[in-house]
Protein chains: 2
Amino acid sequence: MSSNSPFNEKQIQILQVAETLFAEKGFDGTSIRTIAKEAKINVAMVSYYFGSKERLLESLIHFRTKDLKFQIENLSAENLEPIEKINKLIEIYIHRINCNKGIYRILHFEFSNEKRDIDLQALNDLRTGNLKALITIIEEGQNKGVFRKDIIVPLITPTILGTFFHFHMNKAYFKNLLQLSTDELYNNYIKTNLTKHIQQTIKALLIYES
Amino acid sequence: MSSNSPFNEKQIQILQVAETLFAEKGFDGTSIRTIAKEAKINVAMVSYYFGSKERLLESLIHFRTKDLKFQIENLSAENLEPIEKINKLIEIYIHRINCNKGIYRILHFEFSNEKRDIDLQALNDLRTGNLKALITIIEEGQNKGVFRKDIIVPLITPTILGTFFHFHMNKAYFKNLLQLSTDELYNNYIKTNLTKHIQQTIKALLIYES
DNA sequence: AGTAAAATTAAACAACCGTTTAAATTAAAC
DNA sequence: GTTTAATTTAAACGGTTGTTTAATTTTACT
């Protein structure tokens, strides 16, 4: 059972534990000893395998973002109406983030400040690719006369992701406000109502003529 | 020069330094010694005045949110068209957060996880008040026949704030993408283009009939 | 089996953490 | 001016931090 991953099983085990803890308590709030205990390894193993705590974080980002080669780029080629492509893109976005809560939370938290100087090129490439795909879809819709022409495309993504993230970051508040007593109800609300809200919003923005 | 603030000058000085540092490096990433050095006081003063580091954070939240009694509640009473009220509300939101970046960043970061059990009642009251004002405005628009009737009002705020926050959290990325080489250009872009984008989005969502 | 490399361990390292102490200084009260 | 309280200080506390060391065990290869 060979693997072309640059990490062996033990390393992956450490990375997975680190992902959970970093997402839960933040990078500074998580100690190597806590990671070691949780992963049932010796403290020295982190330094042995990754060099340092910061490099562990770097490796984690690398490990979890390299698979994020998006379906989004293929989307523009599919045989769908532009607005259907947009809807599907929103679904993919939300599903993707929902399945990778941990790493997205870490990225969101640890890199909004510019203090840490970790290589984010892979992430930037990802975003650039996504943006290009979005531009292609929107231009198609504009050429078909369905979408307005005065759209600032780079601000579409903040609205899609921002709405979702803000909902997620204030989970407790919205669970209470919308009376979603269980996590199942909460997740279900995201999959149906929140997704639909975002799709409606973007559709209205793209089509509505003032 | 008397003040009805429960904090004296020295305490306020400490709170201000703490706000900057917590916002910059996070709560766990900031040590009491760093705060003390920056504020030019002895380390023991934090314990002396606030009891503990956690209680310092609590005091900070209290200190900075108590003034956030919103103009928003008065907005619904003003003599404006519903859509103009919405636009103004968005402007107020963005301006308010822009002027209080530090504390909003701290709130966003330290309380998205539910680990810290600090009293957020004041904050919840604020949000509830804002939501009520928003509901009033939207119902007015609906009664006038301008807004659609099938709007999920609690999801409007996530779209407004989420779009703004997401833009802000990825400052470096968007500065590069939109070629906003200076902070002045960046802030100007928020005040004009981003605000307008959010206003357009919400307007389209409220008015567009599919 | 014997050897070299890799993996794992317990222990130690110095630096830093939040907090407390007890003494020194300043301010307020009488 | 003396007494009392409030403020400020340096030092120490025990504990934790990330990292390194050197010894030991496991694995791989001949």
Side-chain angles (χ1 to χ4, degrees), chain A residues 1-63 106 109-110 113 115-118, chain B residues 1-3 5-61 63 106 109-110 113 115-118:
Chain A
M1 186 143 72
S2 91
S3 157
N4 52 2
S5 169
F7 302 109
N8 62 39
E9 285 180 33
K10 206 114 223 171
Q11 285 176 296
I12 291 176
Q13 176 193 352
I14 297 171
L15 288 170
Q16 284 168 340
V17 171
E19 179 177 5
T20 306
L21 291 174
F22 287 164
E24 235 170 62
K25 302 159 179 266
F27 180 77
D28 289 319
T30 306
S31 76
I32 290 189
R33 280 172 174 80
T34 312
I35 297 172
K37 196 189 283 179
E38 195 89 4
K40 281 158 192 159
I41 50 139
N42 189 280
V43 261
M45 298 302 289
V46 172
S47 298
Y48 177 74
Y49 274 130
F50 299 98
S52 70
K53 192 187 174 189
E54 278 236 351
R55 296 254 295 282
L56 169 64
L57 177 58
E58 255 183 281
S59 297
L60 176 60
I61 311 262
H62 215 253
F63 174 61
I106 295 168
F109 274 51
E110 304 304 333
N113 78 31
K115 285 291 152 197
R116 261 179 265 287
D117 55 342
I118 291 182
Chain B
M1 185 144 72
S2 93
S3 157
S5 169
F7 301 110
N8 63 39
E9 284 180 33
K10 206 113 222 171
Q11 286 175 294
I12 291 176
Q13 176 192 355
I14 296 172
L15 287 171
Q16 283 168 340
V17 171
E19 179 177 6
T20 306
L21 291 175
F22 286 164
E24 234 171 62
K25 303 159 180 268
F27 181 76
D28 289 318
T30 306
S31 76
I32 291 189
R33 280 173 174 81
T34 311
I35 297 172
K37 196 189 284 179
E38 195 88 3
K40 281 158 192 158
I41 50 139
N42 189 280
V43 261
M45 299 302 288
V46 172
S47 299
Y48 177 73
Y49 273 129
F50 299 98
S52 70
K53 192 186 174 189
E54 278 236 351
R55 296 253 298 281
L56 168 64
L57 177 57
E58 256 183 281
S59 298
L60 176 59
I61 311 260
F63 173 62
I106 294 168
F109 273 52
E110 305 304 333
N113 78 31
K115 285 292 152 198
R116 262 180 264 286
D117 55 342
I118 291 182

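Note on naming: letters A, B, ... go to the chains in the order of the sequence lines (proteins, then strands), and numbering restarts at 1 for each one.
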Engineer: Would you say D:dA10 has OP1 or OP2 under 4.0 Å from some side-chain N or O of B:Asn42?
Structural biologist: yes
Engineer: From the list C:dA11, C:dA6, D:dT7, which nucleotide is the closest neighbour of the side chain of B:Tyr48?
Structural biologist: D:dT7
Engineer: In whole Å, I'd like the distance from the NZ atom of B:Lys53 to the C1' atom of C:dC16.
Structural biologist: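 The answer, rounded to whole Å, is 12 Å.
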Engineer: Can you find a side chain N or O atom of A:Ser31 that sits less than 4.0 Å from OP1 or OP2 on D:dT17?
Structural biologist: yes
Engineer: Which is true for B:Tyr49 with a 4.0 Å heavy-atom rule: it touches a base, it touches only sugar-phosphate, or it touches nothing?
Structural biologist: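 Touches sugar-phosphate only.
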Engineer: Reading DNA chain C 5' to 3', what string of ( ), [ ], | and . shows its pairs, if Watson-Crick and G-U wobble pairs count only when both distances fall under 3.5 Å?
Structural biologist: ||||||||||||||||||||||||||||||
Engineer: In this structure, how many angstroms lie between the P atom of D:dT19 and the CG atom of A:Leu57, rounded?
Structural biologist: 12 Å
Engineer: Hey, is the main chain of A:Thr30 close enough, under 3.5 Å, to the side chain of A:Thr34 for a donor-acceptor pair?
Structural biologist: no
Engineer: To the nearest Å, give me how far apart CD1 (B:Ile32) and C1' (D:dT16) are.
Structural biologist: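 After rounding, the gap between these two atoms is 15 Å.
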Engineer: Determine the contact category for B:Thr30: base if any of its heavy atoms lies under 4.0 Å from a base atom, sugar-phosphate if only primed atoms, P, OP1 or OP2 are that close, otherwise nothing.
Structural biologist: sugar-phosphate
Engineer: By nearest nucleotide on DNA chain D, pick out whichever of A:Thr34 and A:Gly51 is the more 5' one.
Structural biologist: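 Result of the comparison: A:Thr34.
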Engineer: In whole Å, I'd like the distance from the NZ atom of A:Lys37 to the P atom of C:dT8.
Structural biologist: 20 Å
Engineer: Find the distance B:Lys40:NZ to D:dT8:P and express it as a whole number of Å.
Structural biologist: 16 Å
Engineer: Closest-nucleotide mapping onto DNA chain C: is B:Ala44 or A:Asn8 further toward the 5' terminus? I mean the 5' end.
Structural biologist: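 Its nearest nucleotide lies further toward 5', so the answer is A:Asn8.
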Engineer: Report the nucleotide, chosen from D:dT8, C:dA7, D:dT19, that has the shortest atom-to-atom distance to any side-chain atom of A:Met45.
Structural biologist: C:dA7
Engineer: Specify the separation, in whole Å, of atom CD of B:Glu9 and atom P of D:dA6.
Structural biologist: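 It works out to 19 Å between those atoms.
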Engineer: Provide, to the nearest angstrom, the distance between the CZ atom belonging to A:Arg33 and the P atom belonging to C:dC13.
Structural biologist: 14 Å
Engineer: With distance as the sole test, does A:Ser59 use its side chain to make a donor-acceptor pair with the main-chain N or O of A:Arg55 at under 3.5 Å?
Structural biologist: yes
Engineer: Would you indicate, yes or no, if C:dA6 has its OP1 or OP2 atom less than 4.0 angstrom from a side-chain nitrogen or oxygen of A:Lys10?
Structural biologist: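 Indeed not, no polar side-chain atom of A:Lys10 lies that close.
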Engineer: Over how many whole Å does the gap from A:Ile35 atom CD1 to D:dT17 atom P extend?
Structural biologist: 11 Å
Engineer: Hey, does B:Phe22 have a side-chain heavy atom less than 4.5 Å from the side chain of B:Glu110?
Structural biologist: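 The answer is no, as the side chains (C-beta and beyond) never meet within the 4.5 Å cut-off.
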Engineer: Contact between B:Leu57 and B:Phe27 at the side-chain level, heavy atoms closer than 4.5 Å - yes or no?
Structural biologist: yes
Engineer: Any heavy-atom pair between the side chains of B:Ile32 and B:Leu56 that's under 4.5 Å?
Structural biologist: no
Engineer: Give every donor-acceptor pair under 3.5 Å between a side-chain atom in residues 10-21 of chain A and any protein atom, sequence neighbours left out.
Structural biologist:
{"unit_1": "A:Gln11", "atom_1": "OE1", "unit_2": "A:Asn8", "atom_2": "N", "d": "3.0"}
{"unit_1": "A:Gln11", "atom_1": "OE1", "unit_2": "A:Asn8", "atom_2": "ND2", "d": "3.4"}
{"unit_1": "A:Gln13", "atom_1": "NE2", "unit_2": "A:Ala39", "atom_2": "O", "d": "2.6"}
{"unit_1": "A:Glu19", "atom_1": "OE1", "unit_2": "A:Arg64", "atom_2": "NE", "d": "2.8"}
{"unit_1": "A:Glu19", "atom_1": "OE2", "unit_2": "A:Arg64", "atom_2": "NE", "d": "3.3"}
{"unit_1": "A:Glu19", "atom_1": "OE2", "unit_2": "A:Arg64", "atom_2": "NH2", "d": "3.2"}
{"unit_1": "A:Glu19", "atom_1": "OE2", "unit_2": "A:Ile103", "atom_2": "N", "d": "3.2"}
{"unit_1": "A:Thr20", "atom_1": "OG1", "unit_2": "A:Gln16", "atom_2": "O", "d": "3.1"}

Engineer: In Å, rounded to the nearest 0.5 Å, how long is the span from NZ of A:Lys53 to OG of A:Ser31?
Structural biologist: 7.0 Å
